[in-house]
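Below, chain A is the first sequence line, B the second, and so on; all start at residue 1.
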Protein chains: 2
Amino acid sequence: MSENRQPPRRSDGTRAAILRAARERFAADGYERATIRAIAADANIDPSMVMRYYGNKERLFAAAAEFDLRLPALTGVHPDQASELLVGHFLERWEGDETLMALLRAGVTNPAAAERMREIFAAQLVPVAERLSPDRPQVRAGLVASQILGLALCRYVLRLPPIVAMERADVVAWTAPAVRHYLTGSVTETAEVGLQVAGDAGQVD
Amino acid sequence: MSENRQPPRRSDGTRAAILRAARERFAADGYERATIRAIAADANIDPSMVMRYYGNKERLFAAAAEFDLRLPALTGVHPDQASELLVGHFLERWEGDETLMALLRAGVTNPAAAERMREIFAAQLVPVAERLSPDRPQVRAGLVASQILGLALCRYVLRLPPIVAMERADVVAWTAPAVRHYLTGSVTETAEVGLQVAGDAGQVD
DNA sequence: GTCTATAATTCGATAGAC
DNA sequence: GTCTATCGAATTATAGAC
C-alpha cells in the first residue's frame, strides 16, 4: 500500500493526527454527527486540511475505519479454550482500539461502514471458523459475530447496566460456551426433520 | 393513557399518519438522517404540522419509539421450549414492527433512544428472566438481550450474508440453545474460584 | 502547506395569514 | 387546523491569498 522508499513526508504527523481524531469522533458520535470541523478542531488544524488530505468525508471514514482484528489462528486448540480466547481477544480489541466502536456506530446508518464490517467479517472472522470446523463455517462465523457484536452493543454502546457491571472474566465465562456452540456444535436441520428444532435438548454444556 | 371519553379528534388521522411515517424514517435512516421534512412528506402533510403536534424532533421520536415487546409469560414452561419461543417471538416482532429497528438505529447515536432501550429491557425482558430463574435474573436478561440484539444487528441492519440467508427456523435452532444457557445455565464464579474460569484455561492471552 | 472567506445546501424551529 | 414564508444555525465543500 505505502511507498516505504521515501523519507517521511513533512506533513505525516498531521495526517496521523487527523486520522486519530477522526476515529475518536466517529466512535463517539457516529458518521452523521462526527463533523469535519470537530475532527479538525480535535487535531488542532484547519478544517480545510482534512479536505486537502482526504478529499471528502466518505474517504476520511474509509481511511479511519481500516482495521485488523489480529485474530489468533487457533489451529489445534480445544474448542472450549478457543472460544474463551476468542471472546477475550474481542473484548481486548474493543477496549483497546476505538476503530471497532467507530465501525459499529457508523455501520448502523452508513452503508459504506456496514460494507466495511461485512468485509472484515468475511476476510478475518470466517477464516477462523473455517479452521475450526469444515461444516458451514460461514454460518458459524455469522453466529459468533452476532453474539460478539451484540455483546459490544449492550456493553459499550447501549450500556445495559447488568452487562456494564460484569467483570470481564465473567463475560468470558458466560458467553464462551455459547460461542463454542456456534463454532463446533451441531443442530438438527429443520428442513430434514420437519417440526422438531434442536432435537430434544439443545445442550450447550 | 388516552381519554376514551371524547369523540375522536378531527386531526386524529393526521397524528397517526405522522407517527407511522416517523417510525418508518427513524427505522430506515436513524435519528440524525430522519428529517422532519421527510417525515412530513411521507405523511403527505406540511412539516410545520409535525412541530405543531409533537413540539420538536426529540418528542416526536419519544412518541414514535413507544414499544411493547408483548413477551409471553413463560411460567412453568420447559427452558428449552421457553428459549425457542423467546427467539421466535423476537424475530416476529422485529419483522412485524418497525419500532424495534427505529430504536436500534437511533439508539446507537442518540442518548434518549438508548435510554428508551434500557427502559424496555428493564421493564419487559428482566421480568421474564426473573420468572425463569431466581439466580441473577438481570445478568441473564442482559445476556439474552446481547444475543437477540446482536442477531437483529447482523440480520437486519448490517446484513451479514450468511445470517441473512438463514431460514428463520434455523436461526431459532442455532440460537435457542445459547439463550437457554443464559436463562437457566450456570457458570463458575471467578470471584469465588480465583483464576479458573469455566474450566481449566482461564487466561485470555 | 496552511489558512481565510465563502458558496451552496440543508436542517430544526418560528411567526403569522387564512 | 393547515399552510406559506422565513429565520438562524450548521453542514460539506471550494476558491484563492499568503
Side-chain angles (χ1 to χ4, degrees), chain A residues 2-3 6-65 102 105-106 109-113, chain B residues 2-3 6-65 102 105-106 109-113:
Chain A
S2 59
E3 319 275 333
Q6 311 166 6
R9 276 271 177 244
R10 40 194 172 244
S11 61
D12 218 28
T14 304
R15 288 188 80 98
I18 292 173
L19 225 50
R20 188 157 34 88
R23 264 189 286 264
E24 275 183 36
R25 283 288 178 175
F26 283 128
D29 300 335
Y31 188 84
E32 288 81 15
R33 292 180 45 212
T35 68
I36 290 180
R37 288 165 141 85
I39 291 168
D42 287 356
N44 273 61
I45 50 132
D46 192 87
S48 65
M49 295 301 299
V50 179
M51 306 300 295
R52 179 169 180 87
Y53 282 128
Y54 293 98
N56 56 34
K57 189 176 178 178
E58 190 181 2
R59 278 185 292 193
L60 171 63
F61 178 82
R105 277 232 164 84
T109 52
N110 184 270
Chain B
S2 59
E3 320 274 332
Q6 311 165 5
R9 278 271 177 243
R10 40 194 172 244
S11 62
D12 218 28
T14 304
R15 288 189 79 98
I18 293 174
L19 223 51
R20 187 156 35 87
R23 264 188 286 262
E24 276 183 37
R25 283 287 178 175
F26 283 127
D29 300 334
Y31 188 84
E32 287 82 15
R33 292 181 45 213
T35 68
I36 290 181
R37 288 165 143 86
I39 291 167
D42 287 356
N44 274 62
I45 50 129
D46 191 88
S48 64
M49 296 301 298
V50 179
M51 306 300 295
R52 179 167 181 87
Y53 282 129
Y54 293 97
N56 56 34
K57 190 177 179 178
E58 191 180 2
R59 278 186 292 192
L60 172 62
F61 177 83
R105 276 230 164 86
T109 52
N110 184 270

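The CG atom of B/L60 lies 13.0 Å from the CZ atom of B/R25; values are rounded to the nearest 0.5 Å. Note that CG of A/D42 is 6.0 Å distant from CD of A/E24, once rounded to the nearest 0.5 Å. Atom CD1 in A/I39 sits 10.5 Å away from atom CZ in A/F61 (nearest 0.5 Å). Atom OH in B/Y53 sits 4.5 Å away from atom OG1 in B/T14 (nearest 0.5 Å).
The side-chain heavy atoms of A/I45 and A/V50, taken from C-beta on, include a pair separated by under 4.5 Å.
Residues of residues 17-48 of chain B having a heavy atom closer than 4.0 Å to DNA chain D, listed by number: B/D46, B/S48. Proximity of residues 49-62 of chain B to DNA chain D (heavy atom under 4.0 angstrom from any strand atom) is restricted to B/M49, B/R52, B/Y53.
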Without placing hydrogens or testing angles, list every side-chain donor-acceptor pair under 3.5 Å for residues 26-33 of chain B, not counting sequence neighbours.
unit_1, atom_1, unit_2, atom_2, d
B/Y31, OH, B/E58, N, 3.4
B/E32, OE1, B/T109, OG1, 3.0
B/E32, OE2, B/T109, OG1, 3.4
B/R33, NH1, A/T109, O, 2.8

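Pairing each heavy atom of A/M49 with each of A/I18, the nearest pair is O-CD1, 4.2 Å.
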